[in-house]
Amino acid sequence: MRIGYPCINLTLKNQYSSTFRLKSYSEKLFNETVKNNLNHLLSVLNFNKTNNIYFFRIGSDIIPFASHPVCDIDWSDTFKEKLEEIGDFIIKNNIRVSMHPDQFVILNSKSEDIVKNSIRELQYHCKLLDSMRLPTSAKIQIHGGGVYGDKEKAKKVFSNNFNKLLEESLKRRLVIENDDRSYSLQDCLDINSETGIPIVFDTFHHECLNNGETFQQSLSSFIKSWKYTTDGNPILDYSSQNIGERKGKHAKSLNKNHFIYMYDELKNTIKENQVDLDIMLEIKDKEKSALLALKMVQGF
DNA sequence: GGCCGTCAAGACGAT
DNA sequence: ATCGTCTTGACGGCC
């Protein structure tokens with residue numbers, strides 16, 4: 001089992017700006033920024049390895065404006081060596097990486113342009129992972145998208161677009177995550193049966209939106225959506241409620257009791273299904289919680 | 001040097 | 001109609 005955290009390491013400060021405004025876009029600034037971002041990513045991965053953290057989500061901004069029309073730079077060629085160096089490091093150390101494009105990726109949008117732009121954005125994510133020569137277990141996770149007042153129809157549009165509009169290399173990396181107000185685990189299972197797309201099970205979103213399943217039922221159904229040999233370990237996103245804040249807001253730090261209760265349930269599932277899982281902690285204090293969780297799990 | 005409005009992009013619920 | 005939220009963080013203009 002790997003435990004990871006998303007996008008940012010709060011211990012290691014990136015000494016350079018990691019992105020810039022579209023207004024200040026230039027080839028020079030772009031190349032400098034990407035170079036620094038890639039170097040920084042490698043330091044973060046090194047930090048993680050030193051601390052036994054073998055799961056990390058790479059931030060989508062690592063190549064700024066990569067899918068924007070303004071970007072006509074062949075960055076995968078310019079930075080070929082660096083990208084392959086990072087990929088080699090990841091593979092050599094049995095690290096798992098993933099990505100999570102932001103909310104603007106709507107595969108089932110009513111607007112053809114938004115679907116088109118969404119696919120461009122996904123292609124960028126795919127190209128980055130491909131350029132690092134990573135296996136298809138390096139996943140890109142997205143949500144179900146819009147509902148538009150008719151979820152059954154929206155799910156069909158998602159499935160049709162997934163099946164018809166995406167190239168195979170992209171399909172092999174895509175996974176769908178249940179969200180906290182539109183697409184429940186059951187909705188994702190429905191989409192899975194039409195597309196075969198594996199499901200990232202977000203336990204916190206599931207607490208916010210579910211269909212009354214037991215935790216064990218949820219776990220065994222989401223696990224079945226993964227083909228371990230090509231998809232890698234099923235991924236589970238974990239967080240807990242930020243007490244006093246609106247429902248669905250992520251905790252600032254690891255809720256130890258909540259986590260250990262969840263982990264205890266997981267252990268049974270892992271044993272029964274003879275499968276390993278990778279856990280992504282979506283907690284605001286990032287690697288601090290990951291390190292704490294790791295310690296707790298090791299002492300279990 | 002620090003403050004804080006704003007940032008490429010969409011959808012949705014709350015106000 | 002406008003705002004806050006989503007993995008929100010951080011850029012960059014202004015004082």
Side-chain angles (χ1 to χ4, degrees), chain A residues 4-10 12-26 29-30 32-33 36-37 40 44 55-71 97-125 139-151 153-155 157-158 161 175-184 187 200 202-205 208-209 235-242 245-252 279-287 289-290:
Chain A
Y5 62 97
C7 309
I8 294 162
N9 181 302
L10 297 174
L12 298 179
K13 187 99 181 76
N14 190 347
Q15 69 181 116
Y16 305 98
S17 292
S18 58
T19 183
F20 49 83
R21 295 289 188 249
L22 183 55
K23 268 195 298 192
S24 38
Y25 183 94
S26 72
L29 182 58
F30 175 88
E32 281 170 5
T33 305
N36 294 331
N37 285 350
H40 184 68
V44 170
F55 191 17
F56 185 67
R57 184 187 294 165
I58 299 172
S60 296
D61 278 351
I62 188 156
I63 316 286
F65 303 103
S67 76
H68 191 281
V70 77
C71 181
V97 296
S98 65
M99 299 188 80
H100 191 341
D102 65 28
Q103 66 271 30
F104 305 109
V105 170
I106 310 286
L107 216 45
N108 64 356
S109 173
K110 300 183 115 150
S111 148
E112 221 170 279
D113 272 352
I114 293 169
V115 174
K116 216 167 64 189
N117 292 341
S118 297
I119 293 173
R120 276 173 66 101
E121 179 72 355
L122 290 176
Q123 285 167 335
Y124 144 60
H125 283 76
K139 294 301 187 190
I140 301 165
Q141 75 188 69
I142 58 173
H143 292 292
V147 172
Y148 314 107
D150 184 349
K151 206 196 286 181
K153 187 180 162 199
K155 285 191 273 192
V157 175
F158 182 102
N161 287 353
V175 292
I176 186 169
E177 177 199 348
N178 60 304
D179 66 74
D180 61 349
R181 54 183 198 194
S182 299
Y183 287 83
S184 66
D187 293 322
V200 170
D202 189 308
T203 60
F204 179 41
H205 290 163
C208 300
L209 178 72
I235 296 175
L236 186 143
D237 279 3
Y238 170 83
S239 188
S240 65
Q241 178 65 40
N242 186 332
E245 292 282 352
R246 66 145 191 102
K247 185 180 167 187
K249 195 162 165 100
H250 292 235
K252 286 198 185 106
I279 305 179
M280 177 60 64
L281 294 185
E282 293 186 334
I283 317 267
K284 300 283 177 225
D285 63 5
K286 306 289 177 183
E287 76 276 11
S289 279

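In what follows, chains are A, B, ... by sequence order, proteins preceding strands, each numbered from 1.
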[N] [atom2] sits how many Å from [X] [atom1], rounded?
{"X": "A:His143", "N": "B:dG10", "atom1": "NE2", "atom2": "P", "answer": "17 Å"}
{"X": "A:Leu122", "N": "B:dA8", "atom1": "CG", "atom2": "P", "answer": "20 Å"}
{"X": "A:Phe20", "N": "B:dT6", "atom1": "CZ", "atom2": "C1'", "answer": "17 Å"}
{"X": "A:Leu22", "N": "B:dC7", "atom1": "CG", "atom2": "C1'", "answer": "10 Å"}
{"X": "A:Leu10", "N": "C:dT7", "atom1": "CG", "atom2": "P", "answer": "17 Å"}
{"X": "A:Asn117", "N": "B:dG10", "atom1": "CG", "atom2": "C1'", "answer": "11 Å"}
{"X": "A:Arg181", "N": "B:dG13", "atom1": "CZ", "atom2": "P", "answer": "7 Å"}
{"X": "A:Leu29", "N": "C:dC11", "atom1": "CG", "atom2": "C1'", "answer": "11 Å"}

(request) Calculate, to the nearest 0.5 Å, the distance between atoms CG and CG belonging to A:Asp187 and A:Asn178 respectively. (result)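 Nearest 0.5 Å value for the CG-CG distance: 9.5 Å.
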(request) Using only heavy-atom distances, determine whether the side chains of A:Asn36 and A:Thr33 contain a donor-acceptor pair under 3.5 Å. (result)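 Checked: A:Asn36/A:Thr33 side chains show no N/O donor-acceptor pair below 3.5 Å.
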(message) Less than 3.5 Å apart, any donor N or O on the side chain of A:Ser239 or A:Glu282 sitting next to an acceptor on the other?
(response)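 A:Ser239 vs A:Glu282: no donor-acceptor pair found between side chains.
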Please report the distance separating the [atom1] of [N] from the corresponding atom of [M], rounded so that it comes out in whole Å.
{"N": "B:dA9", "M": "C:dC3", "atom1": "P", "answer": "16 Å"}
{"N": "C:dC6", "M": "B:dC4", "atom1": "P", "answer": "22 Å"}
{"N": "B:dA8", "M": "C:dG13", "atom1": "P", "answer": "12 Å"}
{"N": "C:dT7", "M": "B:dG13", "atom1": "P", "answer": "16 Å"}
{"N": "B:dT6", "M": "C:dG4", "atom1": "C1'", "answer": "14 Å"}
{"N": "B:dG10", "M": "C:dA10", "atom1": "P", "answer": "23 Å"}

Just call it for [X]: base, sugar-phosphate, or nothing, with non-hydrogen atoms closer than 4.0 Å on any strand.
{"X": "A:Ser109", "value": "sugar-phosphate"}
{"X": "A:Arg57", "value": "sugar-phosphate"}
{"X": "A:Val147", "value": "sugar-phosphate"}
{"X": "A:Ser118", "value": "nothing"}
{"X": "A:Ser60", "value": "nothing"}
{"X": "A:Phe65", "value": "base"}

(message) In dot-bracket form, 5' to 3', how is DNA chain C paired? Count Watson-Crick and G-U wobble pairs only if both distances fall under 3.5 Å, and write | where the partner sits on another strand.
(response) ||||||..|||||||
(message) If you apply the rule ring pair (Phe, Tyr, Trp, His ring centres under 6.0 Å), what do you find for A:Phe20 with A:Phe30, and how did you get there?
(response) CA-CA 9 Å; A:Phe20 49 83; A:Phe30 175 88; 7.0 Å; no
Which nucleotide in the set [options] lies at the smallest distance from any side-chain heavy atom of [X]?
{"X": "A:Asp102", "options": "B:dA9, C:dA10, B:dG10", "value": "B:dA9"}
{"X": "A:Cys7", "options": "C:dA10, C:dT7, B:dA11", "value": "C:dT7"}
{"X": "A:Ser17", "options": "C:dC11, C:dT5, C:dT7", "value": "C:dC11"}

(request) Side-chain contact test, heavy atoms from C-beta onward, threshold under 4.5 Å: evaluate it for A:Leu122 versus A:Ile140 and give yes or no. (result)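 The answer is yes, as the side chains (C-beta and beyond) meet within the 4.5 Å cut-off.
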(message) I'd like to check A:Ile235 versus A:Val175 (side-chain heavy atoms, cut-off strictly below 4.5 Å). Are they in contact?
(response)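 A side-chain contact is absent here, since even the closest heavy-atom pair is not under 4.5 Å.
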(request) State whether the aromatic ring of A:Phe104 stacks on the base of B:dG10, taking stacking to mean ring centres under 5.5 Å apart and ring planes under 30° to each other. (result)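 According to the criterion (under 5.5 Å, under 30°), no, A:Phe104 does not stack.
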(message) Quick check on A:Tyr16: does its OH atom have over 12 non-hydrogen neighbours (other residues, nucleotides or ligands) under 6.0 Å away?
(response)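 For A:Tyr16, atom OH is not crowded (no more than 12 foreign heavy atoms under 6.0 Å).
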(message) Both A:Asp202 and A:Arg21 contact DNA chain C. Which one's nearest nucleotide lies toward the 5' end?
(response)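 The 5'-side residue here is A:Asp202.
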(request) Name the residue closer to the 5' end of DNA chain C, choosing between A:Thr19 and A:Gln103 according to the nucleotide with the nearest heavy atom. (result)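 Its nucleotide being nearer the 5' end, the pick is A:Gln103.
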(message) Applying side-chain contact (heavy atoms from CB on, under 4.5 Å) to A:Asn9 and A:Lys286, what does each step give before you reach the verdict?
(response) CA-CA 7 Å; A:Asn9 181 302; A:Lys286 306 289 177 183; over 6 Å; no
(message) Determine whether the aromatic ring centres of residues A:Phe56 and A:Tyr5 are separated by less than 6.0 angstrom.
(response)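 Ring centres of A:Phe56 and A:Tyr5 closer than 6.0 Å.
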(message) Please confirm whether the shortest side-chain N or O distance from A:His205 to OP1 or OP2 of C:dT7 is below 4.0 Å.
(response)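 Affirmative; the distance criterion is met.
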